[in-house]
Student: 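Have a look at this one before I ask anything.
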Amino acid sequence: MTEIHFGTVDDILAIAQFQVDMAMESEGTELDLDTVKHGVTHAMEDIGKGRYVIAYADGKAIGSLMLTREWSDWTDRWYLWIQSVYVAPEYRGKGVYKAMYKKVKETAVAEGISTIRLYVDKTNLRAQSVYQRLGMQESHYLLYEETIEI
């Protein structure tokens with residue numbers, strides 16, 4: 001049985017390792033585990049930076065996602081963004097993300113959040129299919145970015 005809860009300081013290492021694994025798997029990007037641990041720790045210390053939903057099975061962390069908030073002056077409400085989704089390969093296709101998404105939706109309802117959003121790699125058709133089956137729809141927005149060297 002999968003247990004879902006908000007992440008705590010006890011989950012920092014597992015969440016950080018999930019992020020390192022996800023970056024390598026999805027983008028071929030090698031992240032520094034210590035840097036990611038610091039980033040996760042900072043989010044744990046400041047809910048304004050984000051918070052994590054984590055999944056456990058048999059006492060072991062098996063997946064996580066990060067939630068961040070965005071204010072919409074158009075709707076006078078918060079939007080909730082899902083980021084950094086990862087489920088351990090051996091648990092994929094077993095309803096782990098579905099259970100985490102249920103927690104996200106319960107959180108949105110409890111906090112009066114009108115919209116849940118996420119972005120997904122254009123080539124990740126499996127994830128897109130999961131999101132659609134759970135009721136999400138493709139947005140009419142495109143995502144643009146620029147990395148600023150600091």
Side-chain angles (χ1 to χ4, degrees), residues 1-27 29 31 35-145:
M1 182 168 148
T2 304
E3 174 191 330
I4 308 295
H5 64 266
F6 284 112
T8 68
V9 293
D10 295 333
D11 299 312
I12 290 172
L13 182 57
I15 292 168
Q17 187 62 59
F18 289 156
Q19 298 315 303
V20 168
D21 294 347
M22 186 255 310
M24 182 54 71
E25 181 181 322
S26 65
E27 300 179 18
T29 300
L31 299 179
T35 300
V36 176
K37 282 190 328 193
H38 288 292
V40 173
T41 299
H42 288 136
M44 289 283 185
E45 294 171 344
D46 179 359
I47 197 169
K49 289 185 171 92
R51 59 185 160 172
Y52 297 90
V53 173
I54 190 158
Y56 274 82
D58 302 318
K60 172 183 155 187
I62 60 168
S64 68
L65 59 80
M66 182 179 183
L67 298 175
T68 57
R69 292 165 54 116
E70 172 192 5
W71 181 252
S72 171
D73 56 356
W74 285 16
T75 62
D76 192 28
R77 291 193 171 186
W78 288 102
Y79 289 175
L80 196 58
W81 280 87
I82 298 172
Q83 301 181 63
S84 304
V85 176
Y86 187 81
V87 175
E90 62 272 25
Y91 290 94
R92 293 178 188 164
K94 298 182 179 188
V96 175
Y97 177 76
K98 182 179 182 179
M100 289 193 295
Y101 188 63
K102 181 180 179 206
K103 176 76 168 174
V104 171
K105 285 181 75 171
E106 289 169 354
T107 300
V109 168
E111 296 180 5
I113 294 172
S114 65
T115 304
I116 300 170
R117 290 182 167 166
L118 59 75
Y119 51 87
V120 60
D121 189 281
K122 295 175 195 177
T123 63
N124 193 343
L125 301 179
R126 183 176 180 184
Q128 291 174 44
S129 176
V130 169
Y131 303 145
Q132 290 168 5
R133 279 195 312 271
L134 293 175
M136 298 190 90
Q137 302 167 10
E138 185 176 338
S139 166
H140 63 277
Y141 293 105
L142 292 174
L143 177 67
Y144 285 80
E145 68 181 14

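Residue numbers count from 1 along this sequence. Note: hydrogens, waters and symmetry copies are ignored here, and every other heavy atom, side chains too, is used.
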Student: So how far is it from Y131 OH to Y101 OH, rounded to the nearest 0.5 Å?
Tutor: 10.5 Å

Student: What distance do M136 atom CE and Q128 atom CD have between them, rounded to the nearest 0.5 Å?
Tutor: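 One finds 12.0 Å between CE of M136 and CD of Q128.
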
Student: Hey, are the side chains of T68 and Q83 touching, using non-hydrogen atoms and a 4.5 Å cut-off?
Tutor: yes

Student: For residues E70 and T115, determine if any side-chain heavy atom of one lies less than 4.5 Å from a side-chain heavy atom of the other.
Tutor: no

Student: For W71, does the CH2 atom sit with more than 12 other heavy atoms under 6.0 Å from it, leaving out its own atoms?
Tutor: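 More than 12 within 6.0 Å, yes.
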
Student: Distance from I12 atom CD1 to M44 atom CE, nearest 0.5 Å?
Tutor: 5.5 Å

Student: Is the CD atom of E90 crowded by more than 12 outside heavy atoms at less than 6.0 Å?
Tutor: yes

Student: Just to verify, what does Y56 make a ring-ring contact (aromatic ring centres under 6.0 Å, His included) with, not counting sequence neighbours?
Tutor: H5

Student: In this structure, are over 12 heavy atoms from other groups packed under 6.0 Å from R69 atom CZ?
Tutor: yes

Student: Out of curiosity, L125 CG to Q132 CD, how far, rounded to the nearest 0.5 Å?
Tutor: 9.5 Å

Student: Determine, stepwise, if the pair K105 / L134 fulfils side chain to side chain contact (heavy atoms under 4.5 Å, CB included).
Tutor: CA-CA 11 Å; K105 285 181 75 171; L134 293 175; over 6 Å; no

Student: Please tell me if the side chains of N124 and R126 come closer than 4.5 Å, counting only heavy atoms from C-beta onward.
Tutor: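 The answer is yes; the side chains approach within 4.5 Å.
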
Student: Is there a donor-acceptor pair under 3.5 Å between the side chain of T107 and the backbone N or O of K103?
Tutor: yes

Student: Distance only, no hydrogens: is a donor on one side chain within 3.5 Å (strictly under) of an acceptor on the other, for Q17 and D21?
Tutor: yes

Student: Do you know which two heavy atoms are closest between A127 and V120, and how far apart they sit?
Tutor: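 Smallest heavy-atom distance, with atoms named: CB-CG2, 4.0 Å.
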
Student: Tell me which one of Y91, Y97, F18 satisfies ring-ring contact (aromatic ring centres under 6.0 Å, His included) with Y86.
Tutor: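 Only one option passes, and that is F18.
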
Student: Going from OG on S114 to CH2 on W78, what distance comes out if it is rounded to the nearest 0.5 angstrom?
Tutor: 11.5 Å

Student: Measuring from I15:CD1 to M22:CE, what's the distance to the nearest 0.5 Å?
Tutor: 12.0 Å

Student: Using distance only, find each side-chain donor-acceptor pair of residues 46-55 under 3.5 Å and give its atom names and separation, not counting sequence neighbours.
Tutor:
unit_1 : atom_1 : unit_2 : atom_2 : d
D46    : OD1    : G48    : N      : 2.9
D46    : OD2    : K49    : NZ     : 3.3
R51    : NH1    : E111   : OE2    : 3.2
R51    : NH2    : E111   : OE1    : 2.8
R51    : NH2    : E111   : OE2    : 2.8

Student: Would you mind reporting whether Q19 and M66 have side-chain heavy atoms less than 4.5 Å apart?
Tutor: no

